[in-house]
Amino acid sequence: MALDLLNIGMSGLRTSQKQLNVTSHNISNVNTPGYSRQSAEQKADDAHWIGGSQYGTGAYIDNVRRAYDQFAARELTQSTTQLHQANESHAQLAVMDEFISNNASKTISSMNDYYDSVKSLADHPNDLGSRKAVLENAALVSQTVNSTYDTLAGMQRDVNDQLVATVDRVNSLGQEIATLNKRIQENPAGEKNDLFDQQQSLVNELAQHTKVTVLKGKDNLANTVIIGDGQTLVSGTESSRLTVIPGEPDPLQTQIAVDDGHNATPLDADNMGGILGAMIGFRRDVVERSIDEVGRMAIGFAGQVNTIQRQGLDLKGEQGKNMFADINDPIAMQQRVLKPMGSSADMTVAIDDVSKLQVGDYQLKANTDGITNSYQMFNAKGEEVLNQTIAATDPQVLQVDGMQINVNNLSAAPSDETFTIRPVRLGGAQMTMNATEASDIAAQRVVMAAEANQGTAQLEPLPSAQVSGTFRVEINGTGDALSVLDDQDNPISLIGYDAQGNALPPSTSIAYPVTNGVIHFEGAPNTPVPTLALSSGAAANDSFTVTLGAKPAEGDNSNLLEIQHLQTEKTMNNGRSSVIDLFQTLTTDVGIQKMNAEKFGQISQLDFDAASERVSSVSGVNLDEEAANLMKFQQAYMASSRIMSVARETFDTLLRAV
């Protein structure tokens, strides 16, 4: 009897001691981040059959259970990803918003200063001081645009550097989770609770950087960790390694990839989520779009000023030259095309109509079988903007969105390649001054467009012209042919070209748009003479008047007045915006994105707080509850001690009775 009492008392003592240990552990970790409350599950020992009855033999601790709800934990992980993605987006957009707002005022101010100086020069077209002021203000516009481009390009590089640092942390977290999984496998049941807490903390930190999905395994709550669009980062005790690789075809568009030791497989950036997803989205949708918009503005401004310059006479009576670097410089035309690796194709892109230019990357799919070449082109929104098949022997010229794509050569047939076309990406970097002398400014206009014109085409004389006089260029009623008349309304003999680029017999009417944008007058019998340049975009019945071999006119400011119109004229974005409007629109768009990111962050914070509260209600330590448990188990410990005292006293009584 005494021995049974002693065993029961000892079991109660051990049980109460373990309960006290667990309770004390909870109290000690009340402020430990990620800690989950633990509770000892107490059960009765197996009873013994004695004298026809069962008698209990005490109690034992069967398991130390961790308070955990997988659904609440999953919700917290998802809300963590959403919150950090929103916060990172807002932080990046706040920096961009401040920069764009400050820079917009400088850029717009410099452009307005340029237009003001042109207005001043219009009052005194021959004044050298006023001409120098125009050149200085033009140079200031160029410098401001260049500075904006450099800063935005720096932001792009900064994001790439941040991606590398973040990916390194993701790799470290993956290795830490794999190491914990190994320790969990090596530890016996009942001793994993603190390891599970560490595991969940690592998963939640990983969720800050990217979207995370956790799959359970046998006795392991995070045996498999999947990130992004389904890439396994951790499988048991093994961890994959992420890396940042140069983009293809643009090395600056770095990509996150999985490195298996032999190959690096890029991940789908749109499904990364978290900080990584925010940075990639910011780089693509904000930084690169801003670079494109600055490039479009630079090309629009420089291209239109250059065109007007070439439509006039300078102070020396010569045809005006470009104020800024030619937007269709051969190097610039080549840089607008990004070829796939290994391609032998030769392709250039000329800007034919700045009013139609759009931002973003185009994807041009080119297929050839040696007989015909097929082209299919998609804009940045994924919309098809071109679908054309051309005989391989014909000139490969594609017209779309203000671009003239000249395909000089495709890779050897059969081939199927996709090219990235960027019409405006480098426009901000390539804007430099071309005119250096005050006399270079063309104040006298020699080209006039009819007031009734509906198109966007521009006419200009060419230095190679061999005739003098006033001529009128007219587009026919269907918009597919043109003719040239002299000042007596006599038709001029022109030389057109067929689809293969062969000169046709002289005619008073040729097809429009004209080959390479050049109108050839007939010189010596059947000899083409490049005389006028006419871009595409003219509407039916449009007409232009041009004076070739014009003499300087003292005080003529007609070309300066034409430049002034650019300040407010809607010459960009398909006639919806002026050049200055483009920058103001960009500022507004970035501000709206920042505001939306802030609101999304507030909503995400509410979701995160709610998820944290649900996890805390299940797993959190309540000090009042633990204090009550401490007293309860202390009393049980003391009672078990009393049982052992009774057993000893009983045993002593039996010994004395012998």
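Remember, predicted model here, so these are calculated numbers, not experimental data.
Looking only at distances, no side-chain donor or acceptor of T232 sits under 3.5 Å from a matching main-chain atom of V234. Checking side-chain atoms of R422 against main-chain N and O of R336 turns up no donor-acceptor pair under 3.5 Å. No donor-acceptor pair closer than 3.5 Å links the side chain of T224 to the backbone N or O of S235. Looking only at distances, no side-chain donor or acceptor of S619 sits under 3.5 Å from a matching main-chain atom of S616. Although no hydrogens or angles enter the test, the distance criterion places no donor-acceptor pair under 3.5 Å between the side chain of Q162 and the main chain of M279. Side chain of S577 to backbone of N573: no donor-acceptor contact under 3.5 angstrom is found. N102 places a side-chain N or O within 3.5 Å of a backbone atom of E98 that can act as its donor or acceptor partner. For the pair D197 (side chain) and Y35 (backbone), a donor-acceptor distance under 3.5 Å is absent. Of the possible polar contacts, none joining the H90 side chain to the A86 backbone as a donor-acceptor pair under 3.5 Å is found. Side-chain N or O atoms of D229 include none that pairs as donor or acceptor with a backbone N or O of L267 at under 3.5 Å.
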Enumerate donor-acceptor pairs with a distance under 3.5 Å from any side-chain N or O in residues 623-632 to protein atoms, sequence neighbours excluded.
from : atom 1 : to   : atom 2 : distance (Å)
E626 : OE1    : N26  : ND2    : 3.4
N629 : ND2    : E625 : O      : 3.4

May I have the list of side-chain donor-acceptor pairs in residues 593-607 shorter than 3.5 Å, sequence neighbours left out?
from : atom 1 : to   : atom 2 : distance (Å)
N596 : ND2    : I592 : O      : 3.4
S604 : OG     : Q82  : NE2    : 3.3
S604 : OG     : F600 : O      : 2.8
Q605 : NE2    : D609 : OD1    : 2.9
D607 : OD2    : Q82  : NE2    : 3.2

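We find the CD-NZ distance between E41 and K18 to be 13.5 Å, quoted to the nearest 0.5 Å. The distance from the CG atom of L242 to the CE atom of M272 is 6.5 Å, given to the nearest 0.5 Å.
At a threshold of 4.5 Å between non-hydrogen side-chain atoms, the residues L215 and I226 count as touching. Side-chain contact between Q199 and N181 is present, with heavy atoms from C-beta onward closer than 4.5 Å. Two residues are said to be in side-chain contact when any heavy atoms from C-beta on lie closer than 4.5 Å; V170 and L206 meet this criterion. In this structure the side chain of Q156 reaches within 4.5 angstrom of the side chain of E288, judged on heavy atoms. Within the 4.5 Å cutoff, side-chain heavy atoms of Q253 are placed close to those of D361.
Between D69 and R614 there is no salt bridge, since none of the side-chain N atoms of the basic residue sits less than 4.0 Å from a carboxylate O of the acidic one. Of the charged side-chain nitrogens involved, at least one lies within less than 4.0 Å of a carboxylate oxygen, so that R289 and D589 count as a salt-bridged pair.
Side-chain contact check for Q358 and D292: no donor-acceptor pair (N or O, by modelled atom type) lies under 3.5 Å.
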